Structure formats: structure tokens, C-alpha cells
Visitor: 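One structure coming up, written as C-alpha cells, with questions to follow.
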Amino acid sequence: MKNKIDDDRRNLLTLAAVGGAAALLGGFGISQARAAATASGRSEKPLKAAFSNAGLQATWCAQGKAAAEYWGKLFNVEVTWFDGELDAVKQRAAIDNMASQKWDFVAIQAFGIGTLVQPVQKMIDAGIPVIDMDTLIAPLDKINVHSFLAPDNEFMGSSVTQALITAIGGKGKVITTQGALGHTGAQGRNRGFESIVKQHPDIEVLENQPADWDVTKVARLWETYLTKYPQIDAAYFHNDDMALAAYNVMKAHNRTNIKIGGCDAMPPAIAAVAEGRMHATVRNPSCRIHGGAIVAGVAAVTGGEKSGEGIPKSVVTDGPVVTKENASGMQWMEDHFLI
């Protein structure tokens with residue numbers, strides 16, 4: 001009798017934990033009750049999922065891997081990783097390898113749009129739910145992914161750009177450093193940047209070059225910029241890794257008066273905002289996106305959730321602009337893979 005009571009207690013705690021997790025990930029449209037039912041209906045054998053993102057050199061991608069593995073353990077999913085290595089050719093080879101194997105579901109953040117269509121279509125044709133994360137594998141009317149979990153990148157770009165322009169009084173010389181040009185998230189962030197700049201005729205954009213998320217390329221670009229331009233009032237970067245890499249170059253040149261903004265709100269950037277080294281960043285919720293892919297995959301496989309029915313074809317996963325006031329709370333949320 002005691003063993004049965006203990007088993008019942010463990011089952012109840014498991015359902016409560018997973019149901020609570022679903023509530024925290026409520027933006028995905030999967031109810032707490034559905035998540036609890038999913039947990040109780042899990043097979044004893046773990047589900048097998050394959051994940052890939054742009055490249056684990058990027059801290060956002062590395063955090064996403066940790067989040068996927070954390071949520072995978074909660075939902076009894078064994079996650080196998082295929083690193084994109086910040087290279088479209090290398091990621092294509094990895095996804096070709098992925099497509100040659102059998103999975104319960106897969107989740108992919110493409111390094112560039114249109115680079116992975118053939119192997120992804122092969123998996124879709126095999127009946128494997130494919131969850132698209134953060135950047136489009138292909139336009140949603142061209143490929144039948146299970147769902148697309150991504151932030152509003154134009155909001156991210158416009159909100160940080162506006163914060164920077166406000167900080168410099170609406171006039172001055174600015175530079176933006178883009179990510180990879182084929183990355184639809186970077187394209188959206190650049191549209192957001194340009195939409196704000198157009199509203200401020202006293203803002204001059206000195207440079208708008210890509211650095212492909214590569215901190216070494218950023219350092220080279222900014223060595224040139226700081227030599228070429230005696231006045232730079234603000235700089236917007238498509239991710240925090242690039243922003244902080246540029247800050248180190250600025251510091252070496254004694255140019256730390258430049259207002260800096262980034263995207264992703266990774267822990268080093270949260271600290272930099274709190275300490276005043278960065279003016280602003282905005283959260284691209286890596287944990288919510290990668291954890292949400294686990295929830296979506298489990299619901300598809302064990303709950304029978306269908307694309308466009310149980311889950312929308314596109315799910316917005318926004319996070320807030322990070323300020324000194326909310327920085328510590330944002331860090332706590334990230335520590336627990338909640339945003």
C-alpha cells in the first residue's frame with residue numbers, strides 16, 4: 001500500500017511540475033491541462049528529437065541547446081544536436097545527415113533562408129513534425145513545417161534603435177552591424193532599424209555592414225570604423241555577442257562614449273546594461289523558443305496536435321526590452337530556462 005501511495009505522489013508531482021511548466025510557456029497555445037495529459041501519456045521509451053541551430057559559437061544558440069536539453073528531460077525527450085557552425089554549407093551537411101535518420105520530431109534554426117529545403121522536405125514527407133525556430137527555413141507558404149516559433153524581429157530592431165536615438169537626443173551619427181544577410185531574423189532587425197532612422201532626419205547612418213554573427217569579423221570592422229570616423233554617437237548590433245566584441249575594441253581606443261544597443265539579452269549583455277556599458281538590449285527568448293519546440297513536438301507526437309489546428313502555423317515568442325530596472329528579473333528567468 002505504501003508503495004502505491006508513494007507512486008501516486010510521484011505521479012502527482014510530475015503532473016504538477018509539467019503542468020506548471022506549460023503555464024510558464026503558455027504563449028505557445030498549449031494549455032496546462034494538455035501538458036499534464038501529455039506527461040501522463042508519455043511512453044516509457046524516450047522520444048527522440050533532433051535539433052540544430054545556426055552555430056553553438058553564438059551564445060544565444062548555446063543557451064538554446066541547454067534549454068532544449070532541460071525541457072527535454074522534463075518531457076522525456078532525448079535530444080541529439082547537429083551544430084550549424086555558423087556556416088550554411090556545414091549546416092546543410094549536418095541536416096542532410098539528420099534527414100537520413102528516424103526521429104519523433106525535429107527542430108531547426110536555419111543559418112540562412114532557403115539553404116535546408118531539400119532535407120527538411122524529406123523529413124516532412126516521412127511524416128516527421130519539423131518545428132522551425134527563430135528564422136525561416138523557407139517562406140511558410142512554400143514548406144509545410146509544423147510551426148514557426150520566432151520573435152517579432154522588426155520590433156526588436158526598432159525598439160533598441162529608438163532607445164539609442166532617444167539617448168543621443170534624436171540627432172547624430174550611427175552605425176549598425178548586421179548578422180548574416182540570409183537570416184530572416186537579421187533581415188527583420190534591419191527593417192526595424194531603418195523604420196526608426198527614417199523618422200529622424202538628423203540621424204546619419206555611417207555604416208550598415210554584415211558581420212555574420214562572427215565576433216572576429218566585428219572586431220575587424222570596428223577597428224576600421226574607429227579609425228575612419230572621429231564621431232560615432234551610437235551603434236546598434238543584431239546580437240549582443242557582436243555588441244560586446246565591438247565594445248572591447250571601443251574600450252581599447254578610449255571611445256566608450258558611444259551608446260551601444262544589442263539584441264538577445266544574453267547574460268553578459270544584461271550585466272552590461274545594468275552596469276552602463278551597454279545602453280539597451282531586447283530579449284530574443286532562446287529558452288522559450290527552444291523549450292517551446294520541445295513542447296510542440298511532444299504535443300504533436302503524443303497528443304496528436306496538428307499543424308494549423310492544435311498549434312498555429314506561426315507563434316510569436318517576444319521578450320521585452322531590458323533596462324536596469326528589469327535586468328535582474330530577466331536574468332533569473334533565463335537561469336531557469338523560462339524566457
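This structure is a prediction, so every number in the text was calculated from the model and none was measured.
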Visitor: Closest heavy-atom contact between Asp240 and Ala265?
Guide: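 Minimum heavy-atom contact is OD2-N, 2.6 Å.
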Visitor: Taking all heavy atoms of Ile311 and all of Ala296, pick out the closest pair and write down the distance.
Guide: CD1-CB, 3.8 Å
Visitor: Please tell me whether Ile131 and Val298 are part of a single hydrophobic cluster in this structure, the criterion being side-chain heavy atoms less than 4.5 Å apart.
Guide: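 Yes, because Ile131 and Val298 connect within a single hydrophobic cluster, where side-chain heavy atoms sit under 4.5 Å apart.
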Visitor: Could you walk me through whether Leu338 and Trp332 satisfy the side chain to side chain contact (heavy atoms under 4.5 Å, CB included) test, starting with their C-alpha distance in whole Å, then the side-chain angles of each, then the deciding distance to 0.1 Å, before giving a yes or no?
Guide: CA-CA 9 Å; Leu338 299 177; Trp332 183 88; 3.8 Å; yes
Visitor: Flag the pair Glu207 / Lys228 as yes when at least one side-chain heavy-atom distance between them is below 4.5 Å, and no otherwise.
Guide: yes
Visitor: I need the minimum non-hydrogen distance between Ala163 and Ala280, along with the two atoms involved.
Guide: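 Scanning both residues completely, I find the closest heavy atoms to be CB-CB, 4.2 Å.
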Visitor: Would you compute the distance between atom CD1 of Ile270 and atom CE of Met330 and round it to the nearest 0.5 angstrom?
Guide: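 Spacing of CD1 (Ile270) from CE (Met330) equals 6.5 Å.
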Visitor: Asp96: what forms a salt bridge (Lys or Arg N to Asp or Glu O under 4.0 Å) with it, not counting sequence neighbours?
Guide: Arg92
Visitor: To the nearest 0.5 Å, how far apart are CG in Leu56 and CG in Asn53?
Guide: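 Separation between the atoms: 5.5 Å.
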Visitor: Treating Ile, Leu, Val, Met, Phe, Trp and Tyr as nodes and any side-chain heavy-atom pair under 4.5 angstrom as an edge, say whether Trp81 and Phe75 lie in one connected cluster.
Guide: yes
Visitor: Will you find, in the side chains of Thr166 and Gln162, an N or O donor that is under 3.5 Å from an N or O acceptor?
Guide: yes
Visitor: Quick one: hydrophobic cluster around Val160, which other residues, with the 4.5 Å side-chain cut-off, linked directly or via members?
Guide: Phe155, Met156, Leu164, Ile165, Ile168, Val174, Phe193, Ile196, Val197, Ile203, Val205, Tyr236, Val282, Val321
Visitor: How many angstroms lie between atom CZ of Arg288 and atom CE of Met133, to the nearest 0.5 angstrom?
Guide: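 Atom-to-atom, Arg288:CZ and Met133:CE are 15.5 Å apart.
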Visitor: Who passes side-chain contact (heavy atoms from CB on, under 4.5 Å) against Glu78, sequence neighbours left out?
Guide: Pro46, Lys48
Visitor: Keeping to residues at least two apart or across chains, list the ring pair (Phe, Tyr, Trp, His ring centres under 6.0 Å) pairs with something in residues 265-285.
Guide: none
Visitor: Please check: side-chain N/O of Trp71 versus main-chain N/O of Phe337, any donor-acceptor pairing under 3.5 Å?
Guide: yes
Visitor: To the nearest 0.5 angstrom, please state how far the CG atom of Asp212 sits from the OG1 atom of Thr177.
Guide: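 It comes to 11.5 Å.
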Visitor: Run the numbers on Ser307 and His146 for side chain to side chain contact (heavy atoms under 4.5 Å, CB included), then give the verdict.
Guide: CA-CA 5 Å; Ser307 176; His146 181 68; 3.8 Å; yes
Visitor: My understanding is that only residues two or more places apart in sequence, or in another chain, count here; which of them pass ring pair (Phe, Tyr, Trp, His ring centres under 6.0 Å) with Phe105?
Guide: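 Ring pair (Phe, Tyr, Trp, His ring centres under 6.0 Å) list for Phe105, sorted by chain: empty.
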Visitor: More than 12 heavy atoms of other residues, nucleotides or ligands under 6.0 Å from CG of Asp125: yes or no?
Guide: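 Yes, because the 6.0 Å sphere around CG of Asp125 holds more than 12 heavy atoms from other groups.
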Visitor: Quick one: does any side-chain atom of Ser195 pair with a main-chain N or O of Gly192 as donor and acceptor, under 3.5 Å?
Guide: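 Yes; at least one donor-acceptor contact below 3.5 Å.
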Visitor: Give the minimum heavy-atom separation between Ala94 and Asp83, together with the two atoms involved.
Guide: CB-O, 4.0 Å
Visitor: Is a side-chain donor or acceptor of Asp214 paired with a backbone partner of Ala211 at a separation under 3.5 angstrom?
Guide: no
Visitor: List the steps and the verdict of side chain to side chain contact (heavy atoms under 4.5 Å, CB included) for Gln187 and Asn153.
Guide: CA-CA 8 Å; Gln187 293 167 7; Asn153 283 284; over 6 Å; no
Visitor: Has the side chain of Ser147 got a donor or acceptor atom that lies under 3.5 Å from a matching backbone atom of Pro312?
Guide: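 Pair found, side chain donor or acceptor close to backbone of Pro312.
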Visitor: Is there a path of hydrophobic side-chain contacts, each under 4.5 Å between heavy atoms of I, L, V, M, F, W or Y residues, that connects Ile289 with Val295?
Guide: yes
Visitor: Which other residues belong to the hydrophobic cluster containing Met278, where Ile, Leu, Val, Met, Phe, Trp and Tyr are joined when side-chain heavy atoms lie under 4.5 Å apart, directly or via other members?
Guide: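 Met278 shares its hydrophobic cluster with Leu86, Phe111, Ile175, Leu206, Trp213, Val218, Leu221, Trp222, Tyr225, Leu226, Tyr229, Ile232, Phe237, Met242, Leu244, Tyr247, Val249, Met250, Ile258, Ile260, Val273.
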Visitor: How far does CG of Leu181 sit from CD1 of Ile113, to the nearest 0.5 angstrom?
Guide: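 The CD1 atom of Ile113 is 13.0 Å from CG of Leu181, to the nearest 0.5 Å.
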Visitor: Heavy-atom distance under 4.5 Å between the side chains of Gln109 and His183, does that happen here?
Guide: yes
Visitor: Can you tell me how far the CD atom of Glu204 sits from the CG atom of Asp233, to the nearest 0.5 Å?
Guide: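 These two atoms lie 10.0 Å from each other.
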Visitor: Are any of the side-chain heavy atoms of Pro151 and Asp134 separated by less than 4.5 Å?
Guide: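 They are in side-chain contact.
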Visitor: Mind checking whether Pro119 and Met98 have side chains closer than 4.5 Å, heavy atoms only?
Guide: no
Visitor: Evaluate salt bridge (charged side-chain N to carboxylate O under 4.0 Å, His left out) for Glu69 paired with Lys65, printing each intermediate quantity in order.
Guide: CA-CA 6 Å; Glu69 291 168 346; Lys65 180 176 184 289; 2.7 Å; yes
Visitor: Less than 4.5 Å apart, side chain to side chain, heavy atoms only: is that true for Arg189 and Asn284?
Guide: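 SC-SC contact between Arg189 and Asn284 confirmed.
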Visitor: Go through Val79 and Lys73 one step at a time and tell me if the side chain to side chain contact (heavy atoms under 4.5 Å, CB included) criterion holds.
Guide: CA-CA 9 Å; Val79 175; Lys73 288 178 181 177; over 6 Å; no
Visitor: Might you point out which heavy atoms bring Glu334 and Pro267 nearest each other, and give the distance in Å?
Guide: OE1-CD, 3.3 Å
Visitor: Quick one: does Ser286's side chain get under 4.5 Å of Thr59's, heavy atoms only?
Guide: no
Visitor: Is any side-chain heavy atom of Ile95 closer than 4.5 Å to a side-chain heavy atom of Gln118?
Guide: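 With C-beta onward as the side chain, the pair stays apart.
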Visitor: May I ask you to decide if Asn239's main-chain N or O and Asp264's side chain share a donor-acceptor pair within less than 3.5 Å?
Guide: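 Looks like no, no N/O pair under 3.5 Å.
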Visitor: Could you check whether any side-chain N or O of Thr256 sits under 3.5 Å from a backbone N or O of Lys251, counting only pairs where one atom can act as donor and the other as acceptor?
Guide: no
Visitor: In terms of hydrophobic clustering (I, L, V, M, F, W, Y; side-chain heavy atoms under 4.5 Å; direct or indirect links), are Leu74 and Met333 co-clustered?
Guide: yes
Visitor: Specify the closest pair of heavy atoms between Lys324 and Ala274, including all atoms of both residues, with the distance to one decimal.
Guide: CE-O, 3.8 Å
Visitor: May I ask you to test the Phe51-Ile294 pair for a side-chain heavy-atom distance under 4.5 Å?
Guide: yes
Visitor: Same cluster for Leu149 and Val130 if Ile/Leu/Val/Met/Phe/Trp/Tyr side chains link at under 4.5 Å?
Guide: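 Unlinked, Leu149 and Val130 end up in two clusters.
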